[in-house]
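Numbered from 1 within each chain, the chains take letters A, B, ... in sequence-line order.
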Amino acid sequence: AAMALAFAGPAYAQERELVIAQGIDTSGFDPHAHTTAAIEAIHVNIFDYLLMRDGKGELQPALATEWEQVSDTAMRFRLREGVLFHDGTPLTAADVKFSLERPALDESVIQHSFYDTIREVEVVNDHEVIIHTDGPDPILLNRVSRIGSGIVPKAYVDKVGWDGFAQKPIGTGPFRMVEWRRDDRIIMEAFKEHWRGAPAWDRLIHRTIPEDSTRVGELVSGGVDIATNIPSQDIERVKASGIATTAPWPSFRVMTLFVNTKEGSPLADPKVREAVDLAIDNKALIDTVFNGLGTPVRAAVTPGLSAVPMEYHNTFLYDPERAVALLKEAGYGPNELTLKLQGPSGRYPLDVEMLEIISVMLNAVGINTEIEALEWSSYNSRIWEPNKIEHLALIGHANSLQDGYHAVQRARCGLEFSNKTGWCDKRFDEVVGQSAVTVDPEKRSALLAEAFKLLTDSRSIIFLMQLENTIGIGKDVDWRPSPDEQLWMYAAKPKG
Amino acid sequence: MSAPAKDLVETPVLAVEGLSTAFRQQDGSLRTVVEDVSFTIGPRRTLAVVGESGSGKSVTALSIMRLLPGRKSRIGGSVRLNGEELTTLPMDAMRRIRGNDVAMIFQEPMTSLNPLLTIGYQIAEVLIRHRGMSFAAARAETVRLLEKVRIPEARSRFDEYPHRFSGGMRQRVMIAMALACRPKLLIADEPTTALDVTIQAQTLDLIKSLQDEEGMSVLFITHDMGVVAEVADETVVMYQGKTVEMGATADIFANPRHPYTRALLSAVPKLGSMKGTSAPSRFPLIDPATGRQRENQSPVPADSEMRPRAQPVLEVKNLTTRFPIRKGLFGGLRGRVHAVESVSFSVQPGETLSLVGESGCGKSTTGRSILRLVDPTAGSVTVDGKDIRAMKPAELRRARRGMQMIFQDPFASLDPRATVGSAIAEPMLTHGAASRSGVRQRVVELLHRVGLSAETAQRFPHEFSGGQRQRICIARALALEPKIIIADEAVSALDVSIKAQIVNLMLDLQQSLGIAYVFISHDMAVVERISHRVAVMYLGRIVEIGPRAAVFENPQHPYTRKLLAAVPAADPSRRTMRRASGTEADIPSAIRPVDYRVPELAFREVGEGHLVLQG
Amino acid sequence: MIGYVVRRVLQMIPVLFGITLVVFVLLRASGDPVSLMLGEEASEAQIAQLREAYGLDRPLYEQYAVYMGDLLTGDFGRSIRYNNQPALEVVLERLPATASLAAMALVYAILISLPAGIIAALYRRRIPDQIASFLSVLGQAMPNFWLGIMLILVFAIWFGWFPVSGREDAYAVVLPGLALGASLAAVLTRLLRSSMIEVLSQDYIRTARAKGIGPTAVMLRHAIRNALLSYLTVIGLEASSLMAGAVVTEQVFAWPGIGLLAIQAINSRDMAVVQTIVILAALIVMLVNLLVDVLYSLIDPRIQHV
Amino acid sequence: MSDLELAPSAGWRLRPFAALDLRLSPLAAVGIVILLAFVAMALFAPLLAPFDPAIPSLRARLAPPSWLEGGVAQHVLGTDHLGRDMLSRLIFGSRIALLVGFLGVAVALMIGVCVGLVSGYFGGKLDAALMGAVNTLLAIPNTLLYLTVLAVFGQSLLLLILIIGCINWTTFARVVRGEVLTIKRREFIEASRTIGQRPVVTMFKHVLPNVLGSIIVIATMNVAMLIILEASLSFLGFGVQPPTVTWGRMLADGRGYVATAWWLAAFPGLMITLLTLSLIFIGDWLRDRFDPRSDS
Ligand SMILES: Nc1ncnc2c1ncn2[C@@H]1O[C@H](COP(=O)(O)OP(=O)(O)OP(=O)(O)O)[C@@H](O)[C@H]1O
Ligand SMILES: Nc1ncnc2c1ncn2[C@@H]1O[C@H](COP(=O)(O)OP(=O)(O)OP(=O)(O)O)[C@@H](O)[C@H]1O
Ligand SMILES: [Mg+2]
Ligand SMILES: [Mg+2]
């Protein structure tokens with residue numbers, strides 16, 4: 001794309017433009033009104049958080065320069081001075097209070113559930129705030145460095161309203177939004193007064209190209225500089241093009257099978273659940289479906305998450321003979337058990353193919369299968385949301401809080417996972433509950449490790465793999481993708 | 001007119017010698033449909049080609065014009081126009097001759113004009129093409145031509161489209177188009193067959209007077225001997241693709257040599273041939289192969305004299321049928337077609353009443369109203385003492401057993417996908433008139449009755465000729481032993497000889513079964529043969545009704561006279577110099593405004609049962 | 001004529017009403033926008049809260065009544081997916097993209113089918129006819145997403161003549177237009193061929209030839225106009241399938257039109273937007289058909305609408 | 001044709017197509033042979049297919065056809081992205097293609113013909129109402145309708161066929177209605193009224209057999225259209241459930257491999273083209289046979 005501008009005349013000849021292609025468009029620029037990582041990946045260039053993760057996933061100061069625990073339920077943040085919004089107004093503590101209290105207090109905001117521990121944001125002075133939480137919140141820092149915590153200018157929002165803001169956002173980020181053509185492109189310009197200094201690009205363009213092969217086509221023909229989600233079969237092709245190369249882009253998303261353990265389901269019998277787990281060869285699944293890209297897991301653990309037992313990463317159980325034996329013990333001879341495999345079609349990469357391969361694997365130990373792959377919204381509303389899993393349902397979970405607590409907490413009795421699987425364990429609830437108010441990292445990790453073990457051993461959720469995407473990067477761009485699925489383009493530099 | 005003088009000095013305008021035309025069939029073989037046809041036409045003369053349907057008349061004409069599909073047909077022999085050989089001419093040169101030296105008019109005026117182009121343009125096109133005129137000049141010339149063929153207000157009609165023109169006017173447009181370049185030869189392929197008697201007469205007149213003016217020769221194709229007698233100097237008779245007889249028209253009529261010619265002539269209904277009798281009478285028929293008379297030729301016995309006044313099978317009183325015309329945003333009523341207006345008549349058992357009149361005068365609507373195929377607006381229809389109009393649907397269906405209908409088009413009135421047997425059996429099965437096996441028995445009986453063999457029951461309509469199909473329709477109509485049959489133009493679409501056969505069949509059936517007919521027709525000569533009584537309709541009204549002899553021999557209403565005068569006489573010696581051709585193009589329309597008040601009708605009795613509309 | 005047009009437009013109202021009802025019920029019955037928006041991480045309490053906020057917890061008929069009430073005042077509702085933007089605005093801003101795509105497809109379809117259909121009819125059952133027939137069969141048998149991908153690969157990536165996707169420059173419409181227009185071209189070719197064959201067998205063509213008019217003039221002045229009548233009707237009827245095809249084509253070419261919007265709106269159960277699209281599309285289809293009928297009556301003097 | 005003296009067994013039944021000249025044209029013969037081959041393929045798929053179409057093979061992912069470099073001998077047409085045998089999948093795929101195509105058309109046919117017949121034959125208010133429904137359905141872009149309906153009712157094969165039928169009948173209804181309006185004016189229908197036949201009987205006995213000609217022609221075209229529709233729905237994620245193999249799904253899945261493994265999409269595409277071609281040949285031929293004018 002940098003080349004394409006050469007035609008635009010001498011005045012623009014120097015302009016550096018970076019074009020990124022993703023499969024989906026943003027729904028708007030209200031940072032509290034979505035839950036999608038791919039949208040955050042766009043927003044992150046416009047909004048800053050109090051803290052920000054660096055390329056290794058470590059939390060670094062951003063709008064907040066220092067922070068300290070004031071009490072069990074309060075944390076003080078010192079704000080950076082001289083930070084300007086895109087409209088030239090300076091950042092103050094009032095903006096921070098405004099930005100964080102909205103998701104925390106307004107129940108109708110989509111991000112609310114991630115901020116409901118926050119009781120109040122107290123303005124100490126122009127450059128200092130204290131966040132008060134309901135109880136001890138060990139992951140408050142995670143909360144203020146993610147999606148729903150982008151800082152917006154209060155005065156501007158008061159003027160245009162949130163609906164207006166969603167169309168024309170203003171933030172403190174390195175780029176400012178100029179034009180948004182829905183489902184086509186978002187055009188951003190460098191914000192030269194950005195507190196980190198002017199970005200290397202004059203223009204940043206996010207394009208929406210839903211069709212994979214078309215996106216790859218743009219990449220290899222030089223139409224875009226960075227393209228996300230390169231299908232595995234095209235990796236060689238991209239590399240061979242000489243125009244771009246690819247890099248692994250691990251995702252926090254872990255693919256799982258939710259299991260109906262409720263009464264009446266054959267899977268209420270733990271033996272059958274174990275048989276299913278043992279029947280699935282996670283590695284072969286990854287190799288066959290994803291051409292080897294992905295990591296087998298036994299729990300929702302991925303590198304970059306805090307407080308997770310990493311021993312469940314890159315490991316899996318596979319023992320078909322034992323699976324047959326377990327089935328026999330449970331009273332099922334070959335082909336006497338039929339399980340329904342449900343899953344979405346088109347929500348996750350190669351989701352239907354996963355179902356097909358899992359089905360074959362289950363068949364191999366003598367379990368008959370029936371696949372039901374539905375378009376995402378139907379799947380979501382027919383099976384997922386009313387908790388009507390028949391036997392096994394494919395689902396992928398990301399972890400936008402990037403913390404172990406979030407990975408297991410919803411499996412507590414009466415919460416979403418439990419409602420779906422029907423698995424409910426007192427001890428599990430207890431340790432998870434404790435971890436939520438335990439600030440000491442050691443203790444907390446220990447509690448969560450036990451919780452992970454309980455959940456994994458219950459096999460109410462059978463964990464399959466961590467997804468690994470591939471991102472395509474043009475040869476002219478110097479950029480190393482970070483492990484948190486963000487497209488933070490301030491870090492990208494033109495080559496040569 | 002004068003006998004044809006063989007003019008040896010003048011070269012003939014058209015000389016056809018040994019013309020043979022064959023079509024390539026699906027399997028690649030050739031089927032010859034015109035074989036070794038030869039004739040010549042001298043300047044200013046008219047040659048008629050006659051023969052029954054499928055005898056190759058049209059193919060002959062199209063071969064002369066070389067208008068047959070080139071890849072599918074093969075033409076042999078020679079065709080010379082003014083000495084120039086046409087069969088070998090390059091296509092370009094041929095195109096310069098078409099429409100210029102030879103012009104052609106076709107049978108179907110309704111489809112022969114392009115519906116999307118104006119009348120004027122279609123004529124002017126010829127002038128532009130052959131005379132190289134500018135459009136303006138062509139336009140002026142076209143208007144002149146239109147005036148010449150007596151299209152009223154020619155100037156303003158230049159820009160009109162064909163669908164606004166009646167059949168007769170369209171045929172005149174075709175003639176104007178043909179005459180545009182003053183061709184030496186005009187080929188007219190059945191130009192009047194599709195037209196009404198009166199319009200037909202006008203059109204024939206026009207062609208003849210223009211021929212005299214322009215001095216061209218005419219090749220006239222027809223199957224109607226009446227028309228031949230009227231127009232032709234010489235006649236060629238074709239039979240199965242060959243010429244069987246050729247000569248001066250008068251000679252041929254006076255002294256037909258070939259049996260086929262004789263058969264053809266014997267079957268021609270001649271108006272006035274029934275003078276002095278009052279009962280219907282069969283046609284004398286001659287077998288085309290042997291030349292002998294085919295059936296014993298007794299006229300229908302005198303028993304069909306008017307019967308004593310029994311109870312009529314059908315009584316129609318003040319029958320009125322109007323069709324609303326709706327237009328505008330909300331489909332408001334803008335007028336009505338007064339298709340049938342206060343029509344009254346009665347029919348006795350075993351009697352035939354004919355309804356005659358021009359196209360659109362309401363004959364069919366009358367018939368359909370009687371059967372309640374359309375719902376009449378007012379009046380009463382009594383069949384066998386029961387009022388048809390008061391009946392509920394189921395009742396009506398039952399009542400229809402007693403009255404049947406035979407339609408004009410035998411091709412259209414049989415379901416192409418049902419066997420003949422099931423078509424005839426259907427009415428009986430519907431009414432449970434007989435057991436299943438009884439039905440089969442009866443079908444065979446009926447087939448025999450109409451002169452078909454039993455095995456035809458299993459065949460499909462497309463395997464039959466038009467005449468045979470009409471027999472099947474009659475058999476179907478007879479299946480329920482109706483008291484009355486309404487025959488709507490039942491023989492109009494048939495060839496002369498077939499027509500005669502069917503008329504004879506109907507008469508026989510009437511005689512043996514005592515059926516009453518309402519016979520709807522515009523063919524006066526057939527009507528004369530078949531009817532006991534005649535009703536003449538004009539614009540939805542009966543203008544004259546009475547015994548056939550009285551109406552034909554003593555027509556009182558001017559319209560009846562006009563209708564009779566228009567019938568071509570199949571006798572060259574009586575070729576009349578025509579009555580001043582009417583220029584009025586159309587039959588006046590029966591469309592009236594909503595608030596139209598129907599004037600009172602009064603009839604004057606001129607003889608016994610002979611009534612004439614007054615005023 | 002004006003009366004006729006008015007009447008036809010009035011007739012569209014019940015149809016549109018029926019469409020809104022059908023679509024409303026279907027969409028509502030099939031999924032819940034809130035749980036879709038919240039994704040896998042949503043909590044049940046949160047779903048309930050949001051649903052209440054959007055009034056989705058009320059009975060269906062009540063929701064429909066509210067929706068229709070708004071609709072009658074010209075309010076097409078607001079997009080849930082696009083942060084409460086007015087649905088009509090969201091849809092309308094896409095209209096030009098789809099319109100230009102459809103127009104391009106139509107241009108292709110006509111440019112291809114007109115000569116191809118005529119030549120096929122003229123050379124009936126001979127080589128040119130068979131080639132045209134085969135190509136049109138291919139055009140019909142090839143799903144347009146497939147054709148789109150092939151076109152991108154060959155003309156955009158290998159040859160680099162056209163942009164791969166998007167609608168930034170003027171040439172961008174060339175490939176998606178072709179992908180969308182191909183099957184219409186195929187249908188129209190076959191149709192034109194058969195109506196041409198039919199017209200050529202009509203009596204008035206024989207009349208024209210008997211006048212000595214040359215084959216080209218017969219073709220141009222006498223035959224084509226008549227054959228175009230049914231051609232025109234089919235174009236009208238195909239307007240709706242063009243809209244349907246646009247859904248797929250836009251997806252392939254990342255063409256920011258209504259089709260792309262439609263898929264995403266359906267997938268996120270964005271009621272107001274789907275409704276607006278369907279109403280708009282139906283309206284366009286019906287207007288196109290009306291236009292075709294009016295054109296038809298202009299070409300064919302026999303038809304008179306009053 | 002027996003020379004009958006009342007042979008009662010040789011009754012005259014309604015034989016709708018006996019009146020047809022069914023001589024084959026060369027193209028039609030080709031079409032019929034292809035179609036029969038596909039039918040045989042569908043019927044005997046388990047016997048014909050060398051492999052189980054659902055069984056993946058890790059080692060043989062994306063193997064090219066056997067005659068190409070890198071091809072594996074036992075996978076004649078190569079393997080797909082999960083290492084499943086292409087040939088076997090194509091063979092099994094013919095089942096769904098034919099099922100969706102023919103059953104979908106059958107459902108559409110039934111609805112469309114009934115509506116068309118009733119609408120055309122009885123006219124009036126009923127006609128206005130039915131045509132209103134047709135116009136409503138026609139005015140909604142088809143794809144949107146399919147997507148919403150499939151989203152509501154799920155994506156089983158049976159439902160897909162039913163839905164396709166329930167949405168796709170409008171063409172038939174319109175054509176049948178048009179034909180009925182013409183046929184209604186033919187005299188044999190009137191003749192049927194004059195013998196006192198009930199309208200419903202007339203409709204099925206006399207009207208229906210006479211519209212069958214054009215219906216069959218559209219139906220053959222429609223079969224092809226539906227197969228492609230299934231492909232498009234698969235492309236949009238609304239296809240038939242795995243492990244059922246469909247050409248449409250193969251085509252849709254293969255689209256990402258145009259540049260790297262062309263055989264994934266080329267073969268199912270070829271199959272669809274062949275089937276469409278054969279149906280179009282047969283349809284053209286049937287139309288010629290049903291239209292007496294077409295060959296004069
Ligand atoms: N284009 C054609 N291809 C094949 N056969 C044809 C063609 N045109 C006419 N015929 C056949 O040639 C024969 C003669 O037909 P032609 O039209 O000349 O009869 P006709 O005497 O004019 O009859 P009619 O009085 O019905 O017009 C018929 O058997 C007809 O079927
Ligand atoms: N269903 C109808 N709706 C409107 N007008 C009709 C209808 N049927 C007949 N007419 C009109 O009624 C008038 C009488 O028609 P009808 O068919 O009875 O004439 P006809 O004497 O039988 O003519 P033809 O000799 O042509 O059969 C005509 O002007 C015709 O246009
Ligand atoms: Mg395992
Ligand atoms: Mg003829």
* Structure fact -> Rounding to 0.5 Å, atoms NE2 (B/H163) and CG (C/D300) come to a distance of 8.0 Å
* **Minimum side-chain heavy-atom gap B/N114-C/N226 below 4.5 Å** => yes
* **Spacing of B/L67 atom CG and C/I205 atom CD1 [to the nearest 0.5 Å]** => 12.0 Å
* Structure fact -> Applying a strict 4.5 Å limit to non-hydrogen atoms, the region of B/M174 in contact with chain C is side chain
* Contact winner vs chain C - B/N100, B/L117, B/T118, heavy-atom pairs under 4.5 Å -> B/L117
* Could you tell me which portion of C/L229 (side chain, backbone, both or neither) has an atom closer than 4.5 angstrom to a non-hydrogen atom of chain B? => side chain
* Taking atom OH of C/Y123 as the centre, does the number of heavy atoms from other residues, nucleotides or ligands within less than 6.0 Å exceed 12? -> no
* Would you sort out whether B/F106 and C/D203 count as a side-chain contact (heavy atoms from CB on, under 4.5 Å), showing the intermediate values? => CA-CA 9 Å; B/F106 299 97; C/D203 286 352; over 6 Å; no
* To do: Look at B/M177, B/E125, B/M65, B/M104 and state which one has the largest set of heavy-atom pairs under 4.5 Å with chain C.
  => B/E125
* Are more than 12 heavy atoms from other residues, nucleotides or ligands located less than 6.0 Å from atom CZ of B/R182? -> no
* Note, B/R95 side chain near C/I213 side chain (heavy atom, < 4.5 Å) -> no
* Backbone N/O of C/G212 and side chain of B/R96: donor-acceptor pair under 3.5 Å -> no
* Part of B/L62 lying under 4.5 Å from any heavy atom of chain C -> side chain
* **Proximal component of B/Q122, with respect to chain C [non-hydrogen, under 4.5 Å]** => both
* Asked: Going from CZ on C/R206 to CG on B/D189, what distance comes out if it is rounded to the nearest 0.5 angstrom?
  -> 7.0 Å
* Per-residue contact mode, B/M94 against chain C (heavy atom under 4.5 angstrom) -> neither
* Asked: Stepwise, does the side-chain contact (heavy atoms from CB on, under 4.5 Å) test hold for C/R221 with B/Y121?
  -> CA-CA 11 Å; C/R221 288 207 292 266; B/Y121 176 79; 2.5 Å; yes
* To do: State, with a plain yes or no, whether a side-chain heavy atom of C/Y204 is found less than 4.5 Å away from one of B/T111.
  => no
* What is the minimum heavy-atom distance between B/L68 and C/R209, and which atoms define it? -> O-NH2, 4.3 Å
* Do B/R129 and C/K211 have side chains that get closer than 4.5 Å, going by heavy atoms? -> no
* To do: Kindly check if the number of other-residue, nucleotide or ligand heavy atoms within 6.0 Å of CG (C/L72) is above 12?
  => yes
